[in-house]
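Read the structure below first, then the notes.
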2 protein chains.
Amino acid sequence: MDLNDRKFKILEAIITDYIKTAEPIGSRTIAKKYDLGVSSATIRNDMSDLEELGLIVQPHTSAGRIPSDRGYRLYVDKMMQSQELSPEVADLLQNVVENNIGQIDYLMQQTAKALAALTNYTIVVTEPKSSRLNIKHVQLVPVDERSVVAVIVTENKSVKNHVLRVSNVPDIEQLNSISQAINTAIQNYTLQDMESIASVMLQTYPENRELVTKLLKAILTAVKQNDNVHYYTSGVNNILGFPEFSDVEKAKNIFRALEEKDMLITLFDKDSEHNDEVHIVIGGENNMKELQECSIVRADYNYGNDSYGTIGVIGPTRMNYSQTVSVLNAIIKNLETVIKSISDGKNKDGKNG
Amino acid sequence: MDLNDRKFKILEAIITDYIKTAEPIGSRTIAKKYDLGVSSATIRNDMSDLEELGLIVQPHTSAGRIPSDRGYRLYVDKMMQSQELSPEVADLLQNVVENNIGQIDYLMQQTAKALAALTNYTIVVTEPKSSRLNIKHVQLVPVDERSVVAVIVTENKSVKNHVLRVSNVPDIEQLNSISQAINTAIQNYTLQDMESIASVMLQTYPENRELVTKLLKAILTAVKQNDNVHYYTSGVNNILGFPEFSDVEKAKNIFRALEEKDMLITLFDKDSEHNDEVHIVIGGENNMKELQECSIVRADYNYGNDSYGTIGVIGPTRMNYSQTVSVLNAIIKNLETVIKSISDGKNKDGKNG
DNA sequence: ATTAGCACTCACGCCGAATGAGTGCTAACA
DNA sequence: TGTTAGCACTCATTCGGCGTGAGTGCTAAT
């Protein structure tokens, strides 16, 4: 059985209608609302065929049809038209990015927030993560009589603070000296050779043994933390807005799933090489039973060499794929252009610059 | 009409029972479950009196009684017994605090998380905020060819990073020199006298005009950000676990309310001097209609001179006030002892120390 | 002051009928 | 052979009625 033009149109009608209304749609409604030039009986026959192909299903005997996961898949792969963003939306997305360059965490947060507001779905954004991580610069800053902050700048430009608590804090000159020493040590050895670095440092600063030890530990932690993906979510509550989750139990399950970090990580890492395409996982295609009624649209953004992060949109299976893909493409393009322009040196100023 | 001992006992029975079960409770049940030595008819008469006093209400004619806001108020003010924490819980609360000293933001986050897990309510923790804020130390750290991080340590020991984007980054010696200069300048002048600081700095480092200007701006931002209360929430989803919010619409309203930052701020600032007592706002006592079915238990913790933050617990009116107050008292005591011991110098080590 | 007894109220759950949206099938038609 | 009108059939949903039971309020007796 092949799909003629009319059947495609009927499938499309069912999908777009269902995305809008969340109600099963029947033959008569299609005949009236969409001008296909045939009677409801004909549409009925076609729908019967579409059901036989597994593209639509009937929730119960006397109801209309709704798209199946396979139906959505066909739609997304073959039929969906890319959607032009309105200038307002495009502007908004651009502003979000441009106003927040410089502070990665803030940028991620704001991006997530904007996307959540725009799409009404749940957004997850991961911080850029590179496969190999090197420390670029370390600086010790005094806080009070018993604590020093180690500011650690990594090669992918993230800046992390680690508070070191020590029994006595050396003066600023000494702190600077130690900072400088560790920086040269890091340049001369690789981080894998921590023992060498440690012995050199402890030899040079025997009187600051405690501080140096803790500093080295902090550096190791920073490197390890790289494996520990940081991410930001926004719009989790949007879930409650959809009739398919008006059952509190269902909503709770989804919330629980979203809270579990590991789950999200696998969600984003699995089965997908990092590439330039938007990736769509529909309903049961993902193997987490808590999210079988959800779809996930995700895309990666490059952030300098070897370093990339992910933006994911989680919504009901009945989500507006076309709009979501457009928005994702736009924000990723914005992120990447701005990032590139910064490293090229013709940057605009960030909010805090 | 006065409240004799038995009526108090009946009220208490109704409140504790309702807190546990969320079901209206009738005279017969009280007679059976609580050993008052009188018949259900007697209890019925007493309940009628309690209702007349506005301490309990009937959801509908043929239902049992539930406590009114005024009933809870009487209970909380006059009848509630402080509850001993189990050693496990006490330990847990202590560990949370002690393992996270040093990194305020992390400490707040973990505290919120622990309290949410423990109480099953929603927790809001605000970062300590002092009425006057002074900068204690500033250090510039290079990130890449076009950006420098200004690490700003304030007197209340918070450490903030501000990325400064500049057209060219001076070398490390120069950055250190500028850092040192700004530190002495800040010591010599007050922050109110920014113009003097600016003119001195710009005179000393004419070739780094851009960097210095942005640095000063960042410092001002840091001071101003102090007005901007930072807070952490946890356990928002716990709301969904309570039958009173099993209606999705209600849950959504509460979520919306909790999302609005301003709302939370007023919730915490309003009508309450900062003092050592746990503060309880019951149901309709707060004037936000979205939260009229919720109660808020909050307490402030001192964080060094003039600086304090707030921990708030938000739950259904039918919340376990006694347990909540105990937990709050415990965590606040822990926070304050640990903070004090740090400034006294006999600290334990933090996780990252 | 307390209690037993009784009439009364009313939310809740269950049943059955009516409704109506939607289907599948068949026979007729172009 | 594809399309259509017509019709019987299905079944979720709605609504009214009815029985049940938890709970009250009142009264009269203790």
Side-chain angles (χ1 to χ4, degrees), chain A residues 1-11 13-15 17-18 20-68 71 243-244 246-247, chain B residues 1-11 13-15 17-18 20-68 71 243-244 246-247:
Chain A
M1 193 182 328
D2 61 334
L3 286 182
N4 59 26
D5 193 51
R6 194 178 59 216
K7 284 180 187 164
F8 270 116
K9 278 198 181 131
I10 291 174
L11 179 58
I14 294 174
I15 291 180
D17 211 83
Y18 189 66
K20 240 185 274 164
T21 65
E23 296 284 331
I25 175 171
S27 54
R28 231 175 88 84
T29 317
I30 296 181
K32 269 192 292 186
K33 250 169 106 173
Y34 300 83
D35 201 24
L36 298 184
V38 292
S39 79
S40 67
T42 311
I43 294 176
R44 235 175 353 260
N45 291 331
D46 285 352
M47 283 167 87
S48 181
D49 292 350
L50 289 172
E51 181 158 22
E52 209 170 310
L53 288 170
L55 299 173
I56 56 180
V57 291
Q58 242 178 321
H60 57 85
T61 323
S62 70
R65 306 298 213 295
I66 64 176
S68 68
E244 37 268 82
S246 66
D247 177 20
Chain B
M1 194 179 331
D2 62 335
L3 287 182
N4 58 26
D5 193 51
R6 194 180 58 217
K7 283 180 189 165
F8 270 115
K9 277 197 182 130
I10 292 174
L11 179 58
I14 294 174
I15 291 180
D17 211 82
Y18 189 66
K20 240 184 276 165
T21 66
E23 296 286 330
I25 174 170
S27 54
R28 231 173 90 82
T29 317
I30 295 181
K32 270 191 292 184
K33 248 169 105 174
Y34 300 83
D35 200 25
L36 298 184
V38 291
S39 79
S40 66
T42 311
I43 293 174
R44 221 154 31 239
N45 291 330
D46 285 350
M47 283 168 86
S48 181
D49 292 351
L50 289 171
E51 180 158 23
E52 210 171 309
L53 288 170
L55 298 173
I56 55 179
V57 290
Q58 241 178 322
H60 57 84
T61 321
S62 69
R65 307 296 213 295
I66 63 176
S68 69
E244 37 269 81
S246 65
D247 178 21

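Here is the naming used below: chain letters follow the sequence lines, and residue numbers restart at 1 for every chain.
- Distances from the side chain of B:S62 to the nucleotides D:dT10, D:dA22, C:dA4 place D:dA22 closest.
- Atom CD in B:Q58 sits about 11 Å away from atom P in D:dG23, given to the nearest Å.
- A donor-acceptor contact shorter than 3.5 Å links the side chain of A:S68 to the backbone of A:G54.
- Rounded to whole angstrom, the span from the CZ atom of A:R28 across to the P atom of C:dT23 amounts to 11 Å.
- Closest approach of A:I25 and A:A13 over heavy atoms only: CD1-O, 4.5 Å.
- Distance A:D46 CG to D:dT3 P: 7 Å, rounded to the nearest Å.
- For B:T61 against C:dC10, no side-chain N or O and base N or O form a donor-acceptor pair under 3.5 Å.
- Checking D:dA12, C:dT2, C:dA11 against the side-chain heavy atoms of B:H60 singles out C:dA11 as nearest.
- Considering only the side chain of B:S39, C:dT3 comes nearest among C:dT23, C:dT3, C:dT2.
- Within 4.0 Å of B:R65, counting heavy atoms only, lie sugar-phosphate atoms of the nucleic acid but no base atom.
- Atom P of nucleotide C:dG20 and atom CD of A:E23 are separated by 17 Å, given to the nearest angstrom.
- When the C1' atom of C:dT23 is taken as reference, atom CD1 of A:I56 falls 12 Å away, rounded to whole Å.
- Checked against C:dC10, D:dG6, C:dA21, the side chain of A:R44 finds its nearest nucleotide in D:dG6.
- Considering only the side chain of A:S48, C:dG24 comes nearest among C:dG24, C:dT3, C:dG22.
- Contact annotation for B:A63: backbone-only contact, meaning every heavy-atom pair under 4.0 Å involves sugar-phosphate atoms and none involves a base.
- Close to D:dT3, at under 4.0 Å from its OP1 or OP2, lies a side-chain N or O of A:R6.
- Between A:S27 and C:dT23 there is a side-chain N or O to OP1 or OP2 distance below 4.0 Å.
- Counting all heavy atoms, side chain and backbone alike, A:R44 lies closest to A:S27 at NH1-OG, 3.3 Å.
- Contact annotation for A:S40: no contact, since no heavy-atom pair falls under 4.0 Å across all strands.
- Rounded to an integer number of Å, the gap from CD1 of A:I66 to P of C:dG22 is 14 Å.
- Across the protein-nucleic acid pair, A:I10 atom CD1 and C:dG22 atom P stand 15 Å apart, rounded to whole Å.
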Could you go step by step and tell me if A:K32 and A:R28 meet the side chain to side chain contact (heavy atoms under 4.5 Å, CB included) rule? CA-CA 6 Å; A:K32 269 192 292 186; A:R28 231 175 88 84; 3.6 Å; yes
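- Nucleotides of DNA chain C nearest to A:M47 and B:T42 differ in position, and the one nearer the 5' end is that of B:T42.
- One interatomic measurement links the two molecules: CG of A:N45 to P of D:dT4, which rounds to 10 Å at whole-angstrom precision.
- For the atom pair CG of A:L50 and NZ of A:K7, the computed distance is 7.0 Å after rounding to the nearest 0.5 Å.
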